[in-house]
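Indexing begins at 1, ligand by ligand and atom by atom, following the structure's order. Bear in mind the structure is a predicted one, so any value in this text is a computation, not a measurement.
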Amino acid sequence: MSQSPKRKRPEELRSHRWYGVKDLRSFGHRSRTAQMGYHRSDYAGKPVIAIINTWSDINPCHSHFKQRVEEVKRGIWQAGGFPVEMPAMSLSEPFQKPTTMLYRNLLAMETEELLRSYPADGCVLMGGCDKTTPALLMGAISMDLPTVFVPAGPMLRGNWNGVTLGSGSDTWKYWAELRAGNITEEDWQGVEDGIARSPGHCMTMGTASTMTAAVETLGLCLSGYSSIPAPDSRHAQMASLTGKRIVEMVWQDLKPSDLLSAASFDNAVRAVLALSGSTNAVVHLIALARRAGFDLDLDRFDALARTTPVLANLRPAGQYLMEDFYYAGGLRALLVQLGDLLDLSQQTVDGRSLGENIAGARVFNDDVIRARDKALVERDGLAVLRGNLAPDGAVIKPPAMEPQLQVHTGPAVVFKDYNDMAERIDDPDLDISADSVIVLQNAGPQGAPGMPEWGQLPIPQKLLKQGVRDMLRISDARMSGTSYGACVLHVAPEAYVGGPLALVRTGDLIALDVPARRIDVLITDEEMAARRAAWQPPAARFERGFGVLYLKHVGQADSGCDFDFLQTRKAEPQKGEPEIH
Ligand code: FES
């Protein structure tokens, strides 16, 4: 095990400025710590570890964090640290409206400012439900203190009358069957009761499973642990081991900036592609990389997708769920299959290289984790499209769509916003056929706002009844990682800021060519220019509060939707950081 030669002395700890010096302010810090029942021997000369916990009564994916945080603390105490739990905003995917994505950057700011303003020497981040993972890490990368992430872990497989159910994917599937009249209300209630039956995040290869796997590949959580089901006793062990490890990392001064590199982000992109992970990872990994000072962009995703096979047979692209993936060997076994496609020299929080971490990992079910010569899809798990409809790019997930739609031309049926679509999509008089292209405008980072997961636009009820299950759909929204279909997503620039998507009209022909990576509206340049000249910007959506800040500073999808004033390179010491008195 390679060890960092650096070793901090107690007086070099950041928390020394609060606890170690002899002045009036530090008297206050010590006396107020005593007020909470701690003796000075509990913390003197020890690393203070901030545990940023996104537990909440309204976040079912993190309902076990009340217990897990005690296990993290146990590890910190055992290793000679001083744990301080700091609750942070819990972005609860199923409940928060209009979308948790509106608040990802707010949690990132909260994380950074908690770490900056309190006596933290290192941190443990507790997250997993979709946006919590990138948000916590964006903040921690910017602050650049020693950091380990504790992934919430997937929930157990869903079950209804003996049928295995997967989060999200089976919701959409059985909702379509209910609307088509193929199942009863009683069946639907059975699905409702059985689809989420334990703590933990969604157990399909949705955004949560995708991002936690990306974080492990980046080397920011303990190796081998991102795929453990949340209720498994090994998940509790991971929490306590994380507590032990972060204390040692503080002494070693092992920070995200020592671990992250352009190559480690390439590794994470490869892992996401091999998992057929959520398209949301494109936005989040770009944001994370840019916080760390690396120019990851859409073209890099496309380039890596051309040589990365899909090896995980997981829903929605495949058959199994995260519990099966863990029993089949988990992420370490998958990374072994990728082998020479990865840069195994990258360093991790374990104090070892990625290659050392995964050495000897075995596959125990080769249908769940495929060998490269038995890949689910040989390449192109994701494709980046450009054209006159998306000059700054758009993404699509070819394995999750019906193959005949990969090259398709059809007439647009345009909805000017979500409410327009909700009102008209099931209208029996709507002029639409299976060949039509459903277009949703104003669902992007600013337009929705928050770029919600509306991208899996609903198929009209009358077409569902005819047996249609996939159509070409285009929007500037995102799509849940548990969704599927021929959905062109993240169109940039978005309609709300005057991107070409805003100029499409019902009846225009739209052409998709995935092999050629093109998405175009078949109108002349002159017609496009005339429509642009006539386009009126929509009214501002917020007059007060966080929304004003959000709209002023949020970036487009191709740049990761971070705030412009946070997307700085590296975590340089803050010029204006206040003196601590
Ligand atoms: Fe939390 Fe899906 S709802 S991860």
*Mind checking salt bridge (charged side-chain N to carboxylate O under 4.0 Å, His left out) for Asp193 and listing every partner two or more places apart, or none if nothing turns up?*
none
_Any side-chain donor near an acceptor of the partner, Ser261 and Gln346, under 3.5 Å_ = yes
*asked:* Under a 3.5 Å threshold, yes or no: a donor from one side chain and an acceptor from the other, between Gln556 and Asp476?
replied: no
*What heavy-atom pair brings Gly447 and Arg541 nearest, and what distance separates the two atoms?*
O-NH2, 2.6 Å
*Nearest heavy atoms of Ile51 and Pro83, plus distance in Å*: CD1-CB, 4.0 Å
*Salt bridge or not for Glu177 and Arg469, using N-O below 4.0 Å?*
yes
*asked:* What count do you get for protein N, O or S atoms closer to atom 2 (Fe) of ligand 1 than 2.8 Å?
replied: 1
